Number of protein chains: 2
Amino acid sequence: MAATRPSNPLALAVLVLLGERPMHPYEMSSTLRERRKEDSIKLNYGSLYSVVESLQKRGLIEAAETVREGRRPERTTYAITETGAQVMVDWLVELLSTPKKEFTQFEAALSLAGALPPDQVTELLGQRLRNLLYQQKSVEAMFEEARSVGLPQLFLIEAEFSAALLAAEIAFVEQLLAGLRTGSLGGFEIWQRMHELRGAGVPPEEVEAKLSVEFADDLAFAKHYEQGT
Amino acid sequence: MAATRPSNPLALAVLVLLGERPMHPYEMSSTLRERRKEDSIKLNYGSLYSVVESLQKRGLIEAAETVREGRRPERTTYAITETGAQVMVDWLVELLSTPKKEFTQFEAALSLAGALPPDQVTELLGQRLRNLLYQQKSVEAMFEEARSVGLPQLFLIEAEFSAALLAAEIAFVEQLLAGLRTGSLGGFEIWQRMHELRGAGVPPEEVEAKLSVEFADDLAFAKHYEQGT
DNA sequence: GTTCGAATACTCGACTTCGAGTATTCGCCT
DNA sequence: AGGCGAATACTCGAAGTCGAGTATTCGAAC
């Protein structure tokens with residue numbers, strides 16, 4: 001069988017940890033927390049235990065021993081297998097070398113934002129910008145502290161990536177807001193007029209009809225657009 | 001009951017579409033495809049139908065009529081409810097105004113990349129960069145075509161966001177690669193040495209012991225680091 | 001010596017996600 | 001008139017996700 005793997009990146013983290021040394025699930029979770037990996041890998045107990053079970057079923061890890069330490073409940077310690085080590089490498093290779101579309105909530109929201117009137121969207125993006133800037137400040141502070149304590153850059157590389165994306169989002173939202181505030185964003189007037197008509201209680205089909213008359217030029221693309229490429 | 005909603009953004013898309021006019025599920029999927037929303041909202045049939053069912057159970061949409069057109073199979077047309085319209089607005093407001101951590105696979109991979117030796121990571125990121133640049137080229141071409149056909153910017157706003165993130169990722173990977181190639185990335189030597197030792201078959205605990213002697217200075221942070229903030 | 005909160009170590013089941021598979025019908029070409 | 005591929009319209013079940021809940025134990029303070 002073709003060494004399939006779970007889809008949750010948490011499973012990769014488990015493989016990497018067990019590549020260092022055998023552990024029981026709860027220890028994995030605390031190690032991940034100590035190393036600040038919960039910021040870059042979604043960790044929750046339910047998923048952790050089901051991912052471990054799934055890895056075991058596929059033969060990528062195996063139970064090493066079941067011990068009871070002190071009077072604590074019994075724990076099962078797992079170790080990585082040969083196959084598991086191979087899968088870990090393959091998986092990392094793929095994730096690092098091959099970009100793959102990730103869907104974000106914000107992108108989805110942007111693509112549906114036309115359902116709200118332009119003024120409101122401007123207002124909301126203004127709020128978002130403030131939130132983003134605040135976030136950025138605390139991220140910078142965290143970097144500052146890490147540097148002052150002598151933590152090598154390598155250990156925070158994922159946080160730096162995330163900070164780079166944050167900066168890009170800030171720049172994007174700022175630019176978009178500028179376009180909205182000056183009304184210079186292409187298509188702005190159609191959008192505005194559409195909500196004006198809807199607000200006045202004009203039924204959907206009529207709105208569409210009116211718009212295609214009033215903005216005939218701007219909507220000329222529709223002919224091509226409608227039928228794919 | 002407090003008007004809960006499904007978590008899948010596809011459900012939001014359904015609400016927005018039904019806010020325009022009643023539709024049956026398959027029509028939703030084709031409309032989303034026509035408007036190029038499948039690029040920003042993950043769409044697959046299984047999810048679509050279960051999301052519709054879930055919206056109906058919560059009273060956010062309702063079956064309007066069940067028709068059989070021609071001799072095609074029977075289709076159920078849905079319409080949005082008052083509550084549904086409210087939830088749609090609330091949801092959009094939240095997504096647009098409030099940023100929320102999104103976990104990407106690449107971020108996870110970066111945070112685990114230490115499990116591979118530095119040379120290999122450099123090689124893999126080089127590949128990634130090439131892929132990203134290729135992607136960027138085709139995205140630019142798509143924008144070019146859209147502009148030439150007269151499509152207003154507004155209609156591609158989500159694609160522009162995604163392009164901004166792509167550009168940021170490219171810049172990040174380029175910078176990281178530079179740091180790796182010159183070996184100037186903080187912590188590079190520890191990383192390299194660690195794989196050297198592992199490769200020579202030194203057991204885990206010993207590796208750790210050696211490193212903490214050899215790199216005492218660079219690892220001084222550990223004292224603070226280990227016990228949280 | 002006891003109280004009380006934090007940490008340890010998981011379990012459970014409701015809910016979602018996913019994509020391959022199925023069955024039909026339309027439209028075009030011959 | 002018949003064959004065939006694309007489009008229509010969904011179904012199914014296996015797998016994965018999630019976080020609240022449970023039960024215990026440790027440690028520090030009073």
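In the text below, chain A, chain B and the rest are named by the order of the sequence lines, each starting its count at 1. Values below: every heavy atom of this structure, side chains too, minus hydrogens, waters and symmetry copies. Predicted model, so just to flag it, every value in this text is computed and none were measured.
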- Query: Out of C/dT17, D/dT17, D/dG16, which has the shortest distance to the side chain of A/Ser54?
  - Reply: D/dG16
- Nearest to the side chain of A/Ser7 - D/dT17, C/dC10, D/dC10? D/dT17
- Could you go through the side-chain contact (heavy atoms from CB on, under 4.5 Å) check for B/Phe106 and A/Leu96 one step at a time? CA-CA 6 Å; B/Phe106 182 51; A/Leu96 288 172; 3.9 Å; yes
- Message: Between A/Glu107 and B/Lys42 (salt bridge meaning N to carboxylate O under 4.0 Å), is one present in this structure?
- Response: no
- Query: Is A/Glu140 salt-bridged to A/Lys137, cutoff N-O under 4.0 Å?
  - Reply: no
- For DNA chain C, whose closest nucleotide is more 5', that of B/Gly46 or that of B/Pro6? B/Pro6
When the distance from [atom1] of [X] to [atom2] of [N] is rounded to whole Å, what number comes out?
X: A/Asn8; N: D/dA14; atom1: CG; atom2: C1'; value: 17 Å
X: A/Tyr45; N: C/dT8; atom1: OH; atom2: C1'; value: 8 Å
X: A/Gln56; N: D/dA15; atom1: CD; atom2: P; value: 16 Å
X: B/Met23; N: D/dA9; atom1: CE; atom2: C1'; value: 16 Å
X: A/His24; N: C/dA7; atom1: NE2; atom2: C1'; value: 13 Å
X: B/Arg58; N: C/dC15; atom1: CZ; atom2: P; value: 8 Å
X: B/Tyr26; N: C/dT24; atom1: OH; atom2: P; value: 17 Å
X: B/Lys42; N: C/dT16; atom1: NZ; atom2: P; value: 16 Å

- Cationic tip of B/Arg36 within the cone over B/Phe155's six-membered ring, i.e. under 6.0 Å and within 45° of the normal? no
- Task: Taking only the side-chain nitrogens and oxygens of B/Asn44, find out if one of them lies under 4.0 Å from OP1 or OP2 of C/dG19.
- Result: yes
